[in-house]
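Hydrogens, waters and symmetry mates play no part in the numbers below; they use all other heavy atoms, side chains included. The sequence lines fix the lettering, A, B, ..., with proteins before strands; numbering per chain opens at 1.
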Amino acid sequence: GAVVSQHPSRVICKSGTSVKIECRSLDFQATTMFWYRQFPKKSLMLMATSNEGSKATYEQGVEKDKFLINHASLTLSTLTVTSAHPEDSSFYICSARDSQGGTEAFFGQGTRLTVV
Amino acid sequence: DAKTTQPTSMDCAEGRAANLPCNHSTISGNEYVYWYRQIHSQGPQYIIHGLKNNETNEMASLIITEDRKSSTLILPHATLRDTAVYYCIVRVANYGQNFVFGPGTRLSVLP
């Protein structure tokens, strides 16, 4: 299947700093990518939909100024957690679907963010 | 998207077939059934999907009932590495639509 690469896989940052997470579709183009967050022992929750060349669409309750999303190319979307706080510690996962391919989506390996 | 119901957890002996059920009684005619799994601390992995015919690939088989109100994912020879949370998701094949994850079934493959 298609490959979605997420980087970094694990990051620890201090409160108040910003962290950028990258999501790349390695062998296909994706005009839309999705960002999810997952807390321990919980299921994935959609945070936002990233659209290439336009503004992201955020789910209710997700602060767009805190979770900045940029989708500058057909293979790259980034999520920046700004002014991170300990409660932002979570597992962040991106997904993408091949614009020219099938109906299934492929997921990155996830990024474990710990804010200290 | 139609709601799905899955058992919270299941056990399976290594080497035996694992049969994971999913109820989706409100499924619409244009909605597909997708299965993903998530191994601890990893992103979800696509397994298989189907509309109404049974499907098989190198990972698993998907059996969809004739009325499409339920389905079963079959892992023919479960290994310890198949221990994961398995998600059954029903959705239309719309490119711009995300996947909505429920709690899934936690499958434990026992030696």
Side-chain angles (χ1 to χ4, degrees), chain A residues 1-7 9-10 21 23-25 28-52 54 56-59 62 71 90-114, chain B residues 1 3-9 22 27-53 55-60 62 64 73 84-108:
Chain A
V3 178
V4 175
S5 177
Q6 200 171 328
H7 178 80
S9 59
R10 187 180 296 267
I21 303 170
C23 179
R24 294 181 184 273
S25 55
F28 65 95
Q29 294 184 335
T31 55
T32 301
M33 293 185 178
F34 301 96
W35 287 95
Y36 296 81
R37 180 167 54 185
Q38 185 175 31
F39 291 107
K41 299 190 184 300
K42 299 294 185 181
S43 192
L44 283 76
M45 294 297 294
L46 180 69
M47 297 176 65
T49 301
S50 170
N51 303 297
E52 187 267 336
S54 65
T57 303
Y58 290 82
E59 295 299 298
V62 178
H71 194 155
S90 189
F91 192 53
Y92 293 86
I93 307 167
C94 69
S95 80
R97 196 180 132 194
D98 188 347
S99 304
Q100 308 296 324
T103 64
E104 66 273 28
F106 298 96
F107 290 78
Q109 60 267 52
T111 297
R112 174 77 57 194
L113 171 64
T114 303
Chain B
D1 296 330
K3 180 179 170 58
T4 63
T5 304
Q6 299 177 252
T8 302
S9 63
C22 180
I27 191 170
S28 301
N30 61 345
E31 289 183 313
Y32 287 71
V33 180
Y34 295 82
W35 283 84
Y36 284 79
R37 73 180 183 184
Q38 186 178 26
I39 296 170
H40 183 62
S41 295
Q42 296 182 25
Q45 178 188 23
Y46 167 77
I47 301 174
I48 199 167
H49 75 282
L51 183 61
K52 52 185 175 181
N53 296 324
E55 302 288 344
T56 295
N57 63 21
E58 64 278 5
M59 288 184 68
L62 173 60
I64 303 174
L73 179 74
V85 178
Y86 287 76
Y87 299 99
C88 168
I89 301 168
V90 170
R91 70 186 282 277
V92 295
N94 182 324
Y95 175 79
Q97 189 170 354
N98 65 297
F99 283 75
V100 178
F101 287 80
T105 295
R106 182 170 297 278
L107 175 68
S108 297

> What do you reckon, is CE of A:Met45 surrounded by more than 12 foreign heavy atoms closer than 6.0 Å?
Replying inline: no
>> For the CZ atom of A:Arg97 and the CZ atom of B:Phe99, what is their distance to the nearest 0.5 Å?
In response: 7.0 Å
>> Between B:Tyr34 (side chain only) and A:Ala105 (backbone N and O only), is there a donor and an acceptor less than 3.5 Å apart?
In response: no
What part of [X] gets within 4.5 angstrom of chain B, counting heavy atoms only: side chain, backbone, both, or neither?
X: A:Gln38; result: side chain
X: A:Asn51; result: neither
X: A:Thr31; result: both

Is any side-chain heavy atom of [Y] closer than 4.5 Å to one of [X]?
X: B:Tyr32; Y: A:Glu104; answer: no
X: B:Gln38; Y: A:Ile93; answer: yes
X: A:Ser43; Y: B:Tyr87; answer: yes

>> Suppose we call two aromatic rings close when their centres sit under 6.0 Å apart. Are A:Phe107 and B:Phe101 close by that rule?
In response: yes
>> I need the minimum non-hydrogen distance between A:Arg112 and B:Ser41, along with the two atoms involved.
In response: NH2-OG, 3.6 Å
>> Taking side-chain contact (heavy atoms from CB on, under 4.5 Å) as the criterion, tell me which of A:Thr57, A:Leu46, A:Leu44, A:Thr32 meets it with B:Asn98.
In response: A:Leu46
> So which of A:Gly110, A:Ser99, A:Ala30 has the largest heavy-atom pair count under 4.5 angstrom toward chain B?
Replying inline: A:Ser99
> Relative to chain A, which of B:Pro103, B:Gly102, B:Gly104 shows the most heavy atom pairs under 4.5 Å?
Replying inline: B:Gly102
